[in-house]
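Report on the structure given below.
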Amino acid sequence: MNADPEVDLVIPVHGGWDFVRSCIRAARAQSVPARVIVVDDLSPDDTADRIGDEFPDVTLIRNEVNLGFARTCNVGMAAGHGRLVMLVNSDVVLEPDAVAAALRALPDDPASRVGSAATLLLAPDGTVDSYGIVADVTGAGFVRFHGAELSRADAERPPVLGPYGAVAVYRRAALAEVGLFDTNIFMYGEELDLAFRLRAAGWSCVAIPEPSGMHLGGASAGKESVRQRRLSGFARGYLLRKYGVLRSRWGVRAFLVEAIVTGARLVLRRDVVSLVGRWEGWRRGALAPRLRLPVDAVDKTIGLRESLKMRSSAYWATRD
C-alpha cells in the first residue's frame with residue numbers, strides 16, 4: 001500500500017463476521033489503495049479477534065464500550081488524516097474502483113466547496129439500494145431511488161442533499177469546518193444531520209454516477225426490527241427539536257405527518273416503539289444547539305401527499 005493514501009476508508013463493526021470479512025476484503029482490493037480503518041464497537045462475538053488475525057495490515061481500533069454507530073464512525077474518522085473520508089458499512093461489498101471514483105468526484109482542489117459525494121449502491125437483486133438522500137421542508141429525509149431499477153437512477157434529479165450512510169464520502173476539510181456526526185444520535189439520521197450542517201456552511205454534494213458497491217442491508221440493527229424502529233423514531237424526534245421544525249412555518253405540516261405516520265403504525269401494526277423513540281429523541285433534543293434548516297437543502301417540490309408516498313418501499317420503483 002502507498003505510504004500516505006488520500007482516502008481513509010472507515011468501517012464501523014458490531015459483530016457479523018461473515019459480512020465483515022467480505023467488506024474488508026473488498027476494501028483491501030481497491031484499484032487505488034486506501035488506508036483501511038476498522039473500529040469494532042464492542043462486538044458481541046469474536047469478530048474483533050478474527051479481524052486482527054486475518055487482516056493484520058489494517059488499523060483495528062476496539063471500543064471499550066458500545067458507543068453506537070455515530071460515535072464509532074467519529075472514532076474512525078479521527079484516527080485518519082487522508083484528504084477524503086469514506087465511511088463503509090460492514091455489510092457493504094465495494095466495487096474495485098469505488099475509491100478511484102470517489103477521488104474523481106472530489107478532486108484535490110483547495111478552492112472547491114464540494115464537501116461530500118453520494119454513492120450509488122445496489123441491492124443483492126440488482127435494484128438500487130440507495131443513491132444519496134433528499135429531504136422535504138419538514139426535515140424528513142428519504143433515500144433516493146431505493147428499490148428502483150438501475151436504469152431509473154438519476155444523478156441530478158431530484159437534487160441530492162448528501163450521501164447515504166451505508167457508503168458516504170466526505171472531504172476532510174469540510175468535516176474540519178462543521179464537525180463530525182452528532183453524538184446524541186446513536187444510529188440512523190446522523191448523515192442527514194451532517195448533510196444539513198454541511199449545506200448550511202456552503203458545502204455542496206455530488207452524486208457518483210457508477211455503482212460503488214452492493215449493500216446487503218440490515219446487518220447491524222436488523223431491517224424493521226424493534227431496535228431499528230426505536231432508533232429511527234429517536235432520530236426523527238431529535239432532529240425535529242434540534243432544527244426547530246415544529247416552530248417553523250412548516251410546523252403544522254410536520255405535526256400532521258408525524259401524527260399520521262405514528263397513528264397508522266399504532267393502528268395497523270400496534271407499533272408503540274416508533275412513538276416512544278420519537279418522544280425519547282424529542283427529550284434528548286433539548287441538549288442540542290438550536291439550528292435552522294438551510295433553505296437550499298430541502299426540496300420544496302415535495303408536497304404533503306408526496307412526502308407520505310415517499311415513505312412507501314415501492315415509491316421509487318413506481319415513480320414517474
Side-chain angles (χ1 to χ4, degrees), residues 69-70 73 84-87 89 101-102 105-106 112-121 128-148 152-171 173-175 177-182 185 187-209 212 215 232 235-236 238-245 248-250 253-254 257 288 291-304 306-312 315-316 319:
F69 182 80
C73 286
L84 301 183
V85 175
M86 191 169 186
L87 299 177
N89 273 17
L106 296 175
S112 174
R113 295 299 290 179
V114 181
S116 61
T119 58
L120 173 57
L121 295 182
V128 177
D129 174 81
S130 58
Y131 200 9
I133 55 176
V134 65
D136 68 10
V137 293
T138 72
F142 305 97
V143 181
R144 297 168 77 246
F145 296 103
H146 175 72
R152 299 173 66 93
D154 192 315
E156 298 181 357
R157 295 288 182 271
V160 62
L161 166 62
Y164 178 57
V167 177
V169 185
Y170 297 103
R171 193 183 296 272
L175 297 177
E177 182 176 331
V178 306
L180 305 179
F181 286 147
D182 186 333
I185 301 175
M187 183 185 294
Y188 302 117
E190 67 286 328
E191 77 271 52
L192 177 61
D193 171 70
L194 181 53
F196 285 145
R197 288 188 280 123
L198 285 168
R199 186 60 62 87
W203 293 96
S204 63
C205 178
V206 296
I208 298 175
S212 294
H215 186 200
S232 295
R236 180 57 176 155
Y238 177 79
L239 294 180
L240 280 172
R241 191 163 191 178
K242 177 176 181 176
Y243 287 94
V245 176
S248 70
R249 60 180 295 192
W250 307 108
R253 170 174 161 176
V257 170
L291 303 176
R292 290 187 179 182
L293 292 176
V295 176
D296 64 340
V298 298
D299 189 343
K300 294 183 179 179
T301 67
I302 302 174
L304 173 59
E306 193 75 3
S307 70
L308 291 173
K309 291 179 182 179
M310 292 176 78
R311 288 166 167 83
S312 166
Y315 172 78
W316 294 101
R319 175 178 179 268

Problem set entry | Any side-chain heavy-atom pair of Asp129 and Tyr164 under 4.5 Å | yes

Exercise. In Å, rounded to the nearest 0.5 Å, how long is the span from CZ of Phe69 to CD1 of Ile185?
Worked result: 11.5 Å

Problem set entry | Interatomic spacing from CD in Glu191 to SG in Cys73 - rounded to 0.5 Å | 9.5 Å

Exercise. Does Asp182 come within less than 4.0 Å of Lys242, counting only side-chain N to carboxylate O?
Worked result: yes

Exercise. Does Tyr315 reach the main-chain N or O of Leu308 with its side chain, forming a donor-acceptor pair under 3.5 Å?
Worked result: no

Exercise. Do you know the tightest heavy-atom contact between Leu121 and Ala166?
Worked result: CD1-CB, 3.5 Å

Problem set entry | Gap between atom CG of Leu291 and atom CZ of Arg197 - 0.5 Å precision | 8.0 Å

For this session: Can you see which heavy atom on Leu293 is nearest to which on Val137, and at what distance?
Result: CD1-O, 3.6 Å

Exercise. Taking Arg236 for the side chain and Gly141 for the main chain, is one N or O donor matched with an acceptor at less than 3.5 Å?
Worked result: no

For this session: Mind listing the closest non-hydrogen atom pair of Ile208 and Ala101 along with its distance?
Result: CG2-CB, 3.9 Å

Exercise. Of all residues at least two apart in sequence or in a different chain, which pass the side-chain hydrogen bond (donor to acceptor under 3.5 Å, both in side chains) check with Arg144?
Worked result: none

For this session: Answer yes or no: is there a side-chain heavy-atom contact under 4.5 Å between Pro294 and Arg292?
Result: no

For this session: Would you indicate whether the side-chain heavy atoms of Leu161 and Phe196 approach each other to under 4.5 Å?
Result: yes

Problem set entry | Residue pair Tyr243 / Asp193, side-chain donor-acceptor N/O under 3.5 Å | yes

Exercise. Is any side-chain heavy atom of Val85 less than 4.5 Å from a side-chain heavy atom of Leu175?
Worked result: yes

Problem set entry | Electrostatic pair Arg113-Glu177, nearest N-O below 4.0 angstrom | yes

Exercise. At their closest point, which heavy atom of Gly162 faces which heavy atom of Cys205, and how far apart are they?
Worked result: CA-SG, 3.7 Å

Exercise. Can you find a heavy atom in the side chain of Phe181 that is under 4.5 Å from one in the side chain of Leu87?
Worked result: yes

Problem set entry | Residue pair Ile302 / Val134, side-chain heavy-atom distance below 4.5 Å | yes

Seminar exercise, completed: Note: Ser307 and Asp136 closest approach over all heavy atoms is CB-OD2, 3.4 Å

Exercise. What do the steps show when you test Thr138 against Val257 for side-chain contact (heavy atoms from CB on, under 4.5 Å), and what is the final call?
Worked result: CA-CA 9 Å; Thr138 72; Val257 170; 5.6 Å; no

Exercise. Going by atom types only, do Arg253 and Ser248 share a side-chain donor-acceptor pair under 3.5 Å?
Worked result: no

Exercise. Do Glu306 and Asp299 have side-chain heavy atoms sitting under 4.5 Å apart?
Worked result: no

Exercise. With no hydrogens and no angle check, is any side-chain donor or acceptor of Ser212 less than 3.5 Å from a backbone partner on Thr119?
Worked result: no

Problem set entry | Donor-acceptor contact present, side-chain Glu190 to main-chain Tyr188, <3.5 Å | yes

Problem set entry | pair Leu198-Tyr170: side-chain heavy atoms closer than 4.5 Å | yes

Seminar exercise, completed: In short, Val160 meets Ala118 closest at the heavy-atom pair CG2-CB, 3.8 Å

Exercise. Rounded to the nearest 0.5 Å, what separation is found between the CZ atom of Arg199 and the CG atom of Leu194?
Worked result: 12.0 Å

Exercise. Which word best sums up how the rings of Phe145 and Trp316 line up, parallel for under 30°, tilted for 30 to 60°, or perpendicular for over 60°?
Worked result: tilted

